[in-house]
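Written out below as structure tokens is the structure these notes cover.
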Amino acid sequence: EPEVTQTPSHQVTQMGQEVILRCVPISNHLYFYWYRQILGQKVEFLVSFYNNEISEKSEIFDDQFSVERPDGSNFTLKIRSTKLEDSAMYFCASSVPRGGRGNEQFFGPGTRLTVL
Amino acid sequence: DAKTTQPPSMDCAEGRAANLPCNHSTISGNEYVYWYRQIHSQGPQYIIHGLKNNETNEMASLIITEDRKSSTLILPHATLRDTAVYYCIASYHFGNEKLTFGTGTRLTIIP
């Protein structure tokens, strides 16, 4: 069964450094998302992406964040200058195969980001 | 998106049916009820969704009241692997719609 994959599984970085989190969505899906979950808190929406542009972003997704689909398979989240409060699990998700509809989103296993 | 309300925790004996309630009294006519679960710190997993008819798939059944103000997710024969946080989310049924997660119900299956 196709699945969303994410790399790395765990990323440790120093405050102020740039990080890139990588995701490979399900191959025929059209919509892509990033969510994050700070330890012990709710899963929070960050951004949605369709047709090579951002569809919606939350207040969390400020100028320090960017997303990109550099080729036909990868979907990346970049944090330009990490802060301690960026420490969280970051989940990528994808949804809706070509010709389909609905909002069943399929999530990856997550990347645990630790900012020191 | 309509707000949903779920009990914070529930226990269920292994092998029994787990019935997880959700209130969504402000749900709009076009919003579906989606259920996801999160096992430990893994990514959320889609379970089932419905609009107004009862739905069943290989994982669970979803019962939605006639007035659509509440629903119940049923795991017919709960196993230890069903221990997770279960989220009930009201969402429009098209792509590109963000999911708004609440705190969910922490379901513990007791051996």
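Chain letters run A, B, ... following the sequence lines, proteins first and then strands; every chain starts at 1.
Interface check for chain A: of the options B/P44, B/G43, B/G104, the most heavy-atom pairs under 4.5 Å are formed by B/P44. Across A/K42, A/M89, A/Q41, the residue that shares the most heavy-atom pairs under 4.5 angstrom with chain B is A/K42.
The ring pair (Phe, Tyr, Trp, His ring centres under 6.0 Å) with A/F32 is formed by just one residue from the set A/F75, A/F106, A/F91; it is A/F75.
Using a 4.5 Å heavy-atom cut-off against chain B, the contacting residues of residues 50-62 of chain A are A/Y50, A/S55, A/E56.
Crowding of A/R80 atom CZ: a count of heavy atoms from other residues, nucleotides or ligands under 6.0 Å exceeding 12. Counting heavy-atom neighbours within 6.0 Å of A/K83 NZ, excluding the residue itself, gives a total above 12. The 12-atom threshold is exceeded at CZ of A/R69, counting heavy atoms of other residues, nucleotides or ligands nearer than 6.0 Å.
For the residue pair A/Y31 / A/S48, no side-chain donor-acceptor distance below 3.5 Å is found, with atom types taken as modelled.
At a threshold of 4.5 Å between side-chain heavy atoms, the hydrophobic network of Ile, Leu, Val, Met, Phe, Trp and Tyr places A/L21 and A/L46 in one connected group.
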| task | Apply side chain to side chain contact (heavy atoms under 4.5 Å, CB included) to A/E68 and A/F49, showing your working. | result | CA-CA 9 Å; A/E68 193 177 36; A/F49 192 86; over 6 Å; no
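Only the side chain of A/Q37 comes within contact range of chain B, with heavy atoms under 4.5 Å apart.
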